[in-house]
2 protein chains.
Amino acid sequence: MSQRNTGVPSLVSGADGGSHTEMTCTVMQVLERVSSKWSIGILLAAMDGPVRFTELERRVKGISRRMLTLTLRNLERDGLLVRTVYPTVPPKVEYTATDMAKELYDSLQALTAWAERNLESIAAARRRYDAATP
Amino acid sequence: MSQRNTGVPSLVSGADGGSHTEMTCTVMQVLERVSSKWSIGILLAAMDGPVRFTELERRVKGISRRMLTLTLRNLERDGLLVRTVYPTVPPKVEYTATDMAKELYDSLQALTAWAERNLESIAAARRRYDAATP
DNA sequence: CGGTATCCGGAGAGATACTG
DNA sequence: CAGTATCTCTCCGGATACCG
């Protein structure tokens with residue numbers, strides 16, 4: 001989340017009945033978890049069952065070891081992934097998506113659907129805007 | 001969102017049937033639009049009809065003039081807001097959410113619902129993690 | 001295999017002052 | 001009123017090297 005900025009902004013209580021205000025805060029908290037560059041990719045890669053570290057590194061294309069570790073730690077901290085260590089040699093670590101993560105995945109479907117429906121509209125809007133703004 | 005990092009990561013085609021891969025890309029593109037620190041707040045503040053610049057500044061608590069302008073420009077560029085200038089003195093500018101933005105708002109409800117259901121679980125998971133990680 | 005440790009660059013965001 | 005223009009700072013993310 002965008003990992004960049006911290007702090008959840010909110011609306012003042014204006015013409016707002018209260019629901020918008022709450023929604024802003026609440027939704028922003030989800031976005032903070034999910035909008036970091038690699039969170040979604042990792043989460044999805046771990047949805048089909050336990051995955052090992054190296055397997056994740058392969059599946060999530062372009063990610064560095066560092067960011068994989070950091071993002072995994074955050075997802076684990078938020079209870080979206082479970083980390084299981086097998087004390088063998090060589091070590092074996094598995095990451096498993098929790099039920100909460102699976103529900104999150106379902107909730108993201110609406111957003112994905114919106115994106116698919118409007119991707120072209122957005123691209124068109126951008127072309128128009130960029131053409132009109134030299 | 002997102003502000004911070006650009007570039008949409010994707011999964012490699014592994015055990016994935018293809019849907020996960022697509023979803024990652026697609027959903028990330030939405031998140032990039034929406035996850036910048038102030039996007040949601042502004043969008044929500046503009047959902048109830050046309051809003052003027054200063055009114056937005058009042059409603060979106062804590063935002064600076066600069067970030068308000070920048071975020072408005074991006075939202076306009078993506079076709080989520082329409083900017084209407086009345087050539088009067090003093091100037092009057094109104095921002096109106098498009099239908100696309102309203103659909104986006106609806107799609108965010110699922111995410112908000114998830115957040116409300118799991119906010120406490122997440123907080124608990126964090127407490128556990130932080131307690132176990134000195 | 002599954003990580004840490006370090007260094008570094010760039011974008012996002014804040015504060016402030018000025019203007020048509 | 002509705003913005004630009006600057007300057008600065010933070011901190012995310014990439015690259016690289018090393019360790020149990």
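Within every chain, numbering begins at 1; the chains are lettered A, B, ... in the order of the sequence lines, protein sequences first and strands thereafter.
Separating the CD atom of A:Glu57 from the P atom of C:dG2 is a distance of 9 Å, rounded to the nearest angstrom. Rounded to whole Å, atom C1' of C:dC1 lies 11 Å from atom CZ of A:Arg58. Rounding to whole angstrom units, CE of residue A:Met67 and C1' of C:dA5 are separated by 15 Å. Rounded to whole angstrom, the span from the NZ atom of A:Lys37 across to the P atom of C:dG10 amounts to 15 Å. Taking atom CG of residue A:Leu68 and atom P of nucleotide C:dC1, one finds them 14 Å apart after rounding to whole Å. Atoms CG (A:Leu70) and P (D:dA15) sit 14 Å apart, rounded to a whole Å. The separation between A:Ile63 atom CD1 and D:dA15 atom P is 12 Å, rounded to whole Å.
B:Glu94 is linked by a side chain to side chain donor-acceptor pair (under 3.5 Å) to B:Tyr86, counting only residues two or more places apart in sequence or in another chain. A:Gln29 is linked by a side chain to side chain donor-acceptor pair (under 3.5 Å) to nothing, counting only residues two or more places apart in sequence or in another chain. Shown here are the side chain to side chain donor-acceptor pair (under 3.5 Å) partners of A:Asn118, two or more places apart in sequence or in another chain: there are none. The side chain to side chain donor-acceptor pair (under 3.5 Å) search around B:Arg77 returns A:Asp130, not counting sequence neighbours. Evaluation of the salt bridge (charged side-chain N to carboxylate O under 4.0 Å, His left out) rule for B:Arg128 yields no partner, not counting sequence neighbours.
Listed by first and then second residue, the salt bridge (charged side-chain N to carboxylate O under 4.0 Å, His left out) pairs involving residues 113-123 of chain B are A:Glu103-B:Arg117, B:Glu120-B:Arg127 (not counting sequence neighbours). A ring pair (Phe, Tyr, Trp, His ring centres under 6.0 Å) check over residues 94-134 of chain B, counting only residues at least two apart or in different chains, returns the pairs A:His20-B:Tyr105.
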Legend entry - Heavy-atom protein contacts under 4.0 Å, nucleotides 1-8 of chain D, coded B base, S sugar-phosphate only, - none: BBBB-B--
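Axis orientation changes by 50° from one end of the helix from C:dC1-D:dG20 to C:dG20-D:dC1 to the other, with each end axis drawn from 5 pairs and the value rounded to 10°.
Under a 3.5 Å cut-off, the side chain of A:Thr24 and the backbone N or O of B:Leu44 do not form any donor-acceptor pair.
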